[in-house]
Q: 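Have a look at this one.
Just the heavy atoms: all of them, side chains too, but no hydrogens, waters or symmetry mates, feed the values below.
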Number of protein chains: 2
Amino acid sequence: MIGGVLELAILGFLAEQPLHGYDLKRRVAQLTGHVRPIADGTLYPAIKRLERAGWLTRRTEPGSRAAPRQMLVLTEQGRAELRRRLTEPEEMEISDENRWFTVLAFLRHLDDPAARDAVLRRRLAFLETPSSFFYDGNRPVRAEELDDPYRRGLLTIARATSRAELAWLRETLGGTD
Amino acid sequence: MIGGVLELAILGFLAEQPLHGYDLKRRVAQLTGHVRPIADGTLYPAIKRLERAGWLTRRTEPGSRAAPRQMLVLTEQGRAELRRRLTEPEEMEISDENRWFTVLAFLRHLDDPAARDAVLRRRLAFLETPSSFFYDGNRPVRAEELDDPYRRGLLTIARATSRAELAWLRETLGGTD
DNA sequence: ACACAATACATCCGCGCCGAGGTATATCGG
DNA sequence: CCGATATACCTCGGCGCGGATGTATTGTGT
């Protein structure tokens, strides 16, 4: 999460079905792999922002096990906003892995296959631009050269992730490519 | 970066050698894989915070190619603070991959091998607790079951990363374990 | 009957981050 | 000589996020 993607996640989950805040909270936490449980003080103001923007409405319902719930329903404008954000993700939503994963989790909500592919291709382009974690002056330092085992591990793990994602992207985009 | 780890990165880089802000900026950006170039409005206030806390001091030097530089030098308290933050990382520094990578990048600055291993073991414990991205009620949904190719990709990539890191952690901790 | 946990929602404060804008110097090509 | 670019530093406003705190209801264990 972090940094605007929370709103994307809310719009995305609500596009699948109406949910109440507490349920949303659980799903968002799960989406990040429980890496970052979302705080109440983050979620509820975010819901308010989306409501004020006209992207969702509330329906009060009796709670199943406790206090009454505010069922959140995505409006047609909300659905349009979701499509807009998925079609034209900002640069950081492409480069930052956490944010990118959120985009990927809801990409299916774009109906146009060409639009979906375009987003994947942006990520592919980003991953294909050479970049390193550590430099000796301007020369990138390879994992094997590092005498620090922790930084070597860092590069090893990052490389494994990159390889897996590149393979998946090429396979998914592949076909007639 | 994001969320306090910026300070850890500054302390970590300065523990290796004195640097000026501009240089620091480049290194921090590289550390994140250029995922998140750090903004001036983020870096310079952070430097000020660390200076006010007594963790670094400045030495003005003539710039090599431009305006005079503020060389930043870590103080003894700064070095102690770095060790403290590495010895007792907060929960989110263990769970959030971005933050964890920052910890890992500077872990060598802990002299005590047992302390370093303890940090690795916390990460290992986190990765070994089962968690999923998507749930059907309370039952975790496996990648193979998902009809959404993007979420399937998500799980595939996450799993590859997890496998690589677990292998590395076990190998590194291994030996006589 | 009572304590406790889980459900469910909400607000406030502080703080770190970003983007925009500003200042200044040195180098290099035209 | 002039503009562009890279170097180098700084401030301010806005805003999202996290943590603390509060309120209320329902189910569970004892």
Q: Rounded to whole angstroms, how far apart are CG on B:Asp23 and P on D:dT7?
A: 10 Å

Q: Measure from the side chain of B:Ala39, starting at C-beta and using heavy atoms only, and say which of C:dC18, D:dG18, C:dC9 lies closest.
A: C:dC18

Q: By the definition salt bridge (Lys or Arg N to Asp or Glu O under 4.0 Å), identify the one residue from B:Arg99, B:Arg85, B:Arg84, B:Lys48 that meets it with B:Glu7.
A: B:Arg85

Q: In terms of side-chain heavy atoms of A:Arg69, which of D:dC10, C:dA8, D:dT11 is nearest?
A: C:dA8

Q: Calculate the interatomic distance between B:Arg52 atom CZ and D:dC10 atom P; express it in whole Å.
A: 12 Å

Q: Please give, in whole Å, the distance from C:dA8 P to A:Leu24 CG?
A: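 Result: 13 Å.
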
Q: Can you tell which of C:dT7, C:dT11, D:dC10 lies closest to the side chain of B:Lys48?
A: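 The listed nucleotide nearest to B:Lys48's side chain is D:dC10.
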
Q: How long is the line joining CZ of B:Arg99 and C1' of C:dG16, in whole Å?
A: 10 Å

Q: Among D:dT11, C:dA10, D:dC17, which nucleotide sits nearest the side chain of A:Tyr44?
A: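 Minimum distance to the A:Tyr44 side chain belongs to C:dA10.
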
Q: With A:Arg151 as the cation and B:Phe106 as the aromatic partner, state whether NZ or CZ is under 6.0 Å from the six-membered ring centre and within 45° of the axis.
A: yes

Q: Let me know the distance between CZ of B:Arg26 and C1' of D:dA8, rounded to the nearest Å.
A: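 Those two atoms, CZ and C1', are 11 Å apart.
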
Q: Using heavy atoms to find the nearest nucleotide of DNA chain D for B:His20 and B:Glu90 separately, return the residue whose nucleotide is more 5′.
A: B:His20

Q: Rounded to the nearest Å, what distance is computed from the CD1 atom of residue B:Ile47 to the C1' atom of nucleotide D:dA8?
A: 11 Å

Q: Would the base of D:dC9 count as contacting B:Asp40 through its side chain, where contact means a donor and an acceptor less than 3.5 Å apart?
A: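 Such a pair is found, so the answer is yes.
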
Q: Please work out if A:Gly21 contacts a base, only the sugar-phosphate, or nothing of the nucleic acid, heavy-atom cut-off 4.0 Å.
A: sugar-phosphate

Q: Distance check, rounded to the nearest 0.5 Å: B:Leu56 atom CG versus B:Arg79 atom CZ?
A: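 B:Leu56 CG to B:Arg79 CZ: 12.0 Å, rounded to 0.5 Å.
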
Q: From CZ of A:Arg27 over to P of C:dT7, roughly how many Å is that when rounded to an integer?
A: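 A:Arg27 atom CZ is separated from C:dT7 atom P by 14 Å.
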
Q: Of all the choices, D:dC17, C:dA10, D:dT11, which nucleotide is nearest to the side chain of A:Leu6 once you look at every atom?
A: D:dC17

Q: Measure from CG on B:Leu43 to P on C:dC17 and round the result to the nearest Å.
A: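 Rounded to the whole Å, the gap is 10 Å.
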
Q: I'd like to know if A:Thr42 reaches the base of D:dG18 with its side chain such that a donor and an acceptor end up less than 3.5 angstrom apart.
A: yes

Q: Considering heavy-atom distances to DNA chain D, does A:Ala46 or B:Gln70 have its closest nucleotide positioned more toward the 5' end?
A: B:Gln70

Q: What heavy-atom pair brings A:His109 and A:Arg83 nearest, and what distance separates the two atoms?
A: O-CG, 4.1 Å

Q: Of all the choices, D:dC17, C:dC17, D:dA8, which nucleotide is nearest to the side chain of B:Arg49 once you look at every atom?
A: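 Closest of the options to the side chain of B:Arg49: C:dC17.
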
Q: Which of these nucleotides, C:dT11, C:dT7, D:dT7, is closest to any side-chain atom of A:Tyr22?
A: C:dT7

Q: Got a second to check how far B:Thr172's OG1 is from B:Asp117's CG, nearest 0.5 Å?
A: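 Those atoms lie 9.0 Å apart.
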
